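One structure is given below, encoded as structure tokens.
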Amino acid sequence: MPGIQLQGPEVTFEDPTLIEGFPGVGLVGKIATDHLVRELEMDYYASVDCEGLPRVSVYRGGDGRARPPVRIYVSEEHDLFALQSDAPIGSGAVETVANCVTGWIAEQGIRPIYLSGLPTERDGDGQPSLYGIATGDETETLAEHDIDVPPEDGVVSGPTGALLNRAAQRAYGSLGLIVGSSRQFPDPEAASVLLEEGIAPIADISIDVSDLVDRAEEIREKREQFARQMQEVSQDESSQAQPLRMYQ
Amino acid sequence: MPGIQLQGPEVTFEDPTLIEGFPGVGLVGKIATDHLVRELEMDYYASVDCEGLPRVSVYRGGDGRARPPVRIYVSEEHDLFALQSDAPIGSGAVETVANCVTGWIAEQGIRPIYLSGLPTERDGDGQPSLYGIATGDETETLAEHDIDVPPEDGVVSGPTGALLNRAAQRAYGSLGLIVGSSRQFPDPEAASVLLEEGIAPIADISIDVSDLVDRAEEIREKREQFARQMQEVSQDESSQAQPLRMYQ
Amino acid sequence: MPGIQLQGPEVTFEDPTLIEGFPGVGLVGKIATDHLVRELEMDYYASVDCEGLPRVSVYRGGDGRARPPVRIYVSEEHDLFALQSDAPIGSGAVETVANCVTGWIAEQGIRPIYLSGLPTERDGDGQPSLYGIATGDETETLAEHDIDVPPEDGVVSGPTGALLNRAAQRAYGSLGLIVGSSRQFPDPEAASVLLEEGIAPIADISIDVSDLVDRAEEIREKREQFARQMQEVSQDESSQAQPLRMYQ
Amino acid sequence: MPGIQLQGPEVTFEDPTLIEGFPGVGLVGKIATDHLVRELEMDYYASVDCEGLPRVSVYRGGDGRARPPVRIYVSEEHDLFALQSDAPIGSGAVETVANCVTGWIAEQGIRPIYLSGLPTERDGDGQPSLYGIATGDETETLAEHDIDVPPEDGVVSGPTGALLNRAAQRAYGSLGLIVGSSRQFPDPEAASVLLEEGIAPIADISIDVSDLVDRAEEIREKREQFARQMQEVSQDESSQAQPLRMYQ
Amino acid sequence: MPGIQLQGPEVTFEDPTLIEGFPGVGLVGKIATDHLVRELEMDYYASVDCEGLPRVSVYRGGDGRARPPVRIYVSEEHDLFALQSDAPIGSGAVETVANCVTGWIAEQGIRPIYLSGLPTERDGDGQPSLYGIATGDETETLAEHDIDVPPEDGVVSGPTGALLNRAAQRAYGSLGLIVGSSRQFPDPEAASVLLEEGIAPIADISIDVSDLVDRAEEIREKREQFARQMQEVSQDESSQAQPLRMYQ
């Protein structure tokens, strides 16, 4: 039976938040989540074994442990979960994965924060804009933390869009953070805005993003191939926000 | 379990009518339904969670609420429901969506009005023709409201055709309004004819369409990309009426 | 549950025959069946709601009633049913439709006459040849009515081939009438041969085909687009007979 | 329920053999089986109604009976069954057909002889080589009849390969005869070798193949189109043996 | 019911190991496993009858026995199983085959060693590097036998990746051996490294690989076509390890 498979010790949590890091436009969600896992030294907690996920095995340099490509990490101290994905999600799997992940989130009573880039011309000047949307009883959370709602109609697609769709259908509380990001390149600056202005205040954690900003060029290079792949896949596969008129 | 998910408070209705706004040729059904929702200040009532619908999330500018792309709105005062769709329906989903929506309509005892464009050369002179068809015990409704039956054989395809097919198969009462519309461009004039000459008398409501006519050019521009998409999809996906000899 | 949905009043019949009119090469079966429905003023009796049929709705000029594209008509006086199809059957639906229709025919104890064209060079001289094949206990019917058996090995494909296949597998009595017909154009002359020399004697009815012959040119024009479509589809979709060596 | 449908009278048999004639490289199995049915005047015994088989109907010149395209013939006198196929088997059907036919063979306790060509340069000089392979307790049968085992590693694909695979998986006794045959053209000489040196001794029958050899040119012409089709289909669809290194 | 079908006598084993030989980059796993079966004179033990495996039949030159393409061999003396595959695994079958094989391995309590090549520039100088990864309680085994963990992040795809994924999801003990190998050609040297430095110490067997090294050129030629095929298939089908940034 597919689902979320516990791989570490059980943890006690109070009112936990989950940060979702499926790859999408500008890789903003993935870069932010990967940074969180590393900076907060989160522990491998569970593997995501949903229908349609790539049946591959990943490993880290210097570590001999083979792991599934989509995993959940935990920091008991920060009351925080992070969903890390080392693989793109095929368009045929978006729906089953969203159902499967949502089922576990709802069952555990976790508040999810879904992350998406909004393709924007980024000339390096100024900081990317951050917007928030919400479902269920989380709509007031945005105002509490001074996160703006989007100025124009839009649509979120890809795994993130499907997860928000599931939450909206079930009227389950969830948050969606949308950041202006590069259409073509990995965008560590945008990821740092997600972390500093969205995730940190909402999840009530403190997170140092200087590394993301300092090593921006290096990260961009290392991730370039992945980002290019994300650009080539259809809008069903790659998480992104777009003005609604572009989608229809 | 898929179906129609209640998202607002329950309403009391007497003999309600539903206006269907899936996108099709000239976007006439969508433009008419969107206008109705706005003008009558209808309330978000339910989300449509049928198999095959796009798993995306939409939001409105200035509003932080994420919603599914196909929704039902209600006006208790006007005894009226409106089905609003912010996404095209893939051809593989037409059948399951028609079954799913029909099931709910029949269960609730709602009288549906399905809307379709009939591609016509429109040179701007004269008003587009409006025709009506019906299933079950609604066949006399057309004559009561002086709505002409079509002068030649025809076929309605796309989501609207599938909904009418379901009603015909089950001998359930329904109405189909067909309006001459542009083949290529969004056609707010045709949508206004649907509203004024078809929907308003049948549903016994009064609706001001001056905005649609005044802002026709603006609407056409804003919707152009969507209309172009509708043109490219197969006839199974885009709701339209055609002379029968063109279909076969 | 799919199947045949009664749409008119029940009828009493003794030993009824059904004429099948799915579109195929030269549109011979469709033209013959359409003519029969009109000339004998047959009544709309049931809709065919089998899996895989196009989910569209058709209507007649001057009549406001929306109907499914495949329907069964009846003439109680002539002990006759006619299956009229206003749509081509996709290759993926041929099998399910044949099973579904055969189930109803067998349950009702109806003797089916299936119709197919055999692509032939037709230079306008002489009348097209008519051949008959049969399954179950209908093999003697052909000789009784002086209908020749085919002179060479052949195969019938498309919906008609699938219906004959089902009858042969179940050893259920059925007749197949094969007429030489144009490969490319609608062939009202061939349809009139089917009616006069095959259907009329076997079903014991009298049918005036002068209209088909007189208006041949007009019919050809009106149906040309449909016939061209039939030519383009694969041999699985379009009913036709062919020499066996052409099929293998 | 799919399966083998009895179409003729029941027969009594002792230790029957079945010769399989699905089309493949050089059409060797089909030509041999067709010849057997005709020469031994075998009777139509059953139709093969397995999932995935073409839903068409075939007929013989001068005979008005419509039949399914894959049929089993019987000769009670020779304790022999023959599976005749008038249609190629699509690659998607190879597995279901092999399961379905194997189920019936095992249930009836029939010993099957599966036939395959091995593409070989054939310059007309010398007779094609015949090799035998076997599963279950039939491995000794080959030596008893002086049939050589193949000199090099190989693989049998297509319907014949799938039937042998099923027998090997179930450890059910079966024989596979492999004959060097033309890669491109129908090869009646190779079929005659199958009959004279393989089928006749194993099934203990006497069969005159002079007709196959005398009319070789005529058969080649008549079957050329079919053989060309077999060449074009993938190796999953067309029964053939190949050196293993060519397959991998 | 699919699964592993016993084809030889039952064996008694203590703490058995299974070497997996599905084809992949450089054919390293297949060459190593084929060598093991031959050198240790392992016996045909079971056939692998999982959904999605090619339904073909293979045979060895000089041996008349038809066998399925994927088989398990056993050496009771060495407490060893080997999975030999004579066919590539289609991408659609990777998941079902991994589930099916894993189910049997876990049920029998066997420790699997999965084998993969890591495409590397190989100029003939120096010996290819060998790395090990593990799941469940086998992580310490690598250090015990002085097998290095990989120096950089990576991903294993294809059948081997899916088998490791299954083991990781179920936290079942397994080992993965990864060897630098030619991207384009069969690589018997890399296979010999797998055998000598990985398989032999872990499975506690002694194996002579001189034949692989001596006949390297010959093996390369014979296997070239297969290796080329492996290169053409997608990364889902061909087992291989890659740096993680290449995969994403």
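Residue numbers begin at 1 in each chain, while the letters A, B, ... track the order of the sequences. From a predicted model like this one, the values you see are computed outputs, not experimental measurements.
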Do B/Phe81 and B/Tyr73 have their ring centres less than 6.0 Å from each other?
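No.
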Between B/Tyr131 and C/Tyr59, ring centroids under 6.0 Å
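Centroid distance B/Tyr131-C/Tyr59: not below 6.0 Å, so no.
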Which answer fits C/Arg60, side chain, backbone, both or neither, if we ask what part of it has an atom under 4.5 Å from a heavy atom of chain B?
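Contact with chain B involves both backbone and side-chain atoms of C/Arg60.
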Toward chain C, the part of [X] with a non-hydrogen atom under 4.5 Å:
{"X": "B/Ile178", "result": "side chain"}
{"X": "B/Pro151", "result": "backbone"}
{"X": "B/Leu142", "result": "side chain"}
{"X": "B/Ala98", "result": "neither"}

Spacing of CG belonging to B/Leu83 relative to CD1 belonging to B/Ile113, to within rounding of 0.5 Å:
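Those atoms lie 13.0 Å apart.
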Do you know the tightest heavy-atom contact between B/Ala190 and B/Ser181?
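That would be CB-CB, 4.0 Å.
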Which pair of heavy atoms, one from B/Leu175 and one from B/Glu138, lies closest together, and at what distance?
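Residues B/Leu175 and B/Glu138, closest heavy atoms: CD2-O, 3.7 Å.
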Are the side chain of [X] and the backbone of [Y] linked by a donor-acceptor contact shorter than 3.5 Å?
{"X": "B/Glu196", "Y": "B/Gly198", "value": "no"}
{"X": "C/Gln5", "Y": "B/Arg170", "value": "no"}
{"X": "B/Asp187", "Y": "B/Gly26", "value": "no"}

Would you please go through residues 99-107 of chain B and name the residues with a non-hydrogen atom below 4.5 Å from one of chain C, in numerical order?
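Interface residues of residues 99-107 of chain B: none, nothing closer than 4.5 Å to chain C.
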Using a cut-off of 6.0 Å, state whether more than 12 heavy atoms not belonging to C/Asp214 lie near its atom CG.
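Check passes, neighbour count above 12.
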Pick from [options] with the largest number of heavy-atom pairs that fall under 4.5 Å of chain C:
{"options": "B/Pro150, B/Ser174, B/Gly176", "value": "B/Pro150"}
{"options": "B/Ala168, B/Ala134, B/Gly154", "value": "B/Gly154"}
{"options": "B/Ala171, B/Gly136, B/Ala241", "value": "B/Gly136"}

Sole candidate of C/Ile72, C/Val37, C/Ile19 that passes side chain to side chain contact (heavy atoms under 4.5 Å, CB included) when paired with C/Met42
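Single side chain to side chain contact (heavy atoms under 4.5 Å, CB included) partner of C/Met42 among C/Ile72, C/Val37, C/Ile19: C/Val37.
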